[in-house]
Amino acid sequence: MARKTLIAGNWKMNGLLADGVDLAKGVAAEVKKMGKTQCEFLVCPPFTLLTAVKKALRGAKVALGAQDVHFNAKGAHTGDISPLMLKDAGCQYVIVGHSERRADHKESDELISKKAAAAYEAGLKAVICIGETLEEREAGKTIDVCTRQILGSVPDNADGSNTVIAYEPVWAIGTGKTPTAEDVEEVHAAVRKVLAKKLGKGNANKMRILYGGSVKPGNAKEFLSLPDVDGALIGGASLKVEDFIAIAKNSGQC
Ligand code: PGA
């Protein structure tokens, strides 16, 4: 089953207008230069940069995504952004359930599932994040935690066209530490099994599962060549055009 490799950048809370536009233009130019590629590209800037980045990406095959969303379409939710607003700003994707949101904003699996379902309603694809903490890894609970997160935060109507899963061990995010390739493949294969149980084998085989956590140009190939790894969710290294593009080029998939 051919799953198109997704190279996704999560800019997190980084970028003012000028540098965000520069970064987007740089990525757009490099992706254009690559010409025909087997990979799909995605950048997820902060809300304030969405419309400017959309403009900067014009003509390049780079999708736009946001980093979070509310589950309501509109209304009295001060400070929140709705799926329709994201769609209106030109987004095709939205990240939900990133471990930083699970930790900083106490987001539950149930809430994340509601957000993903609301994203589908608006015609957005959800990148649903899962992953264990260091304590959970050391206690041998990685697969259990990921299973629980998949069962709780992936809506029942998720499928390969509306959902991407991102496995990001919390302890690997922004730390320069990574699991071994064997560990990553083990978790991805287990996640696909859980997805098959929940959504059927066909959906599970079509659904992309990204690896995230200290992905760099130097380790891109190691992770992206694994059979159940269908791309990367890249934080720090997505803030530099050269690194983001080098990850794609070095992956051997693009
Ligand atoms: P990192 O972040 O690449 O900086 O480790 C990944 C993420 O949190 O999505």
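Just so you know, ligand 1 is whichever comes first in the structure, and atom 1 is the first atom listed for that ligand. Predicted, not measured: the structure shown is a model, and the values here were computed from it.
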request  = Could you see which bit of Ala172 sits under 4.0 Å from ligand 1, with heavy atoms only: side chain, backbone, both or neither?
outcome  = backbone
ask   = Should Gly213 be listed as contacting ligand 1, given a heavy-atom distance under 4.0 Å as the test?
value = yes
request  = Just need the protein heavy atom nearest to atom 9 (O) of ligand 1, so name the residue and atom and give the distance.
outcome  = Glu168 OE2, 2.6 Å
query = Are any of the heavy atoms in Lys216 under 4.0 Å away from ligand 1?
reply = no
request  = Give the minimum heavy-atom separation between Gly212 and Val215, together with the two atoms involved.
outcome  = CA-CG2, 4.3 Å
query = Considering only heavy atoms from C-beta outward, does the side chain of Thr163 approach that of Tyr120 to under 4.5 Å?
reply = yes
key: Option whose closest heavy atom lies nearest to atom 6 (C) of ligand 1, chosen from Gly176, Gly235, Gly131, Ser99   = Gly235
Sidechain N-carboxylate O distance under 4.0 Å for Arg101, Glu107 = yes
message = Show me which atoms of ligand 1 lie under 4.0 Å from any heavy atom of Leu233.
response = 6 (C), 9 (O)
query = Do Ile112 and Arg102 touch side chain to side chain, with heavy atoms closer than 4.5 Å?
reply = yes
message = Suppose I only count heavy atoms of Ser214 and a 4.0 Å limit; which atoms of ligand 1 are within that range?
response = 1 (P), 3 (O), 5 (O)
ask   = Could Lys198 and Asp156 be called an ion pair, given the rule that one side-chain N must be under 4.0 Å from one carboxylate O?
value = yes
message = Show me which atoms of ligand 1 lie under 4.0 Å from any heavy atom of His98.
response = 7 (C), 8 (O), 9 (O)
Contact check, Gly174 vs ligand 1, heavy-atom distance below 4.0 Å = yes
request  = Check Asn10 against ligand 1 and report side chain, backbone, both or neither, counting heavy atoms closer than 4.0 Å.
outcome  = side chain
query = Is a side-chain donor or acceptor of His188 paired with a backbone partner of Asp228 at a separation under 3.5 angstrom?
reply = yes
message = Among all the protein's non-hydrogen atoms, which is closest to atom 4 (O) of ligand 1, and how far away is it?
response = Gly236 N, 2.8 Å
message = For a 4.5 angstrom cut-off between non-hydrogen side-chain atoms, does Ser238 reach Val43?
response = no
inquiry  = Could you report the tightest heavy-atom contact between Asp159 and Asn203, atom names first, then the distance?
reply    = CB-OD1, 3.3 Å
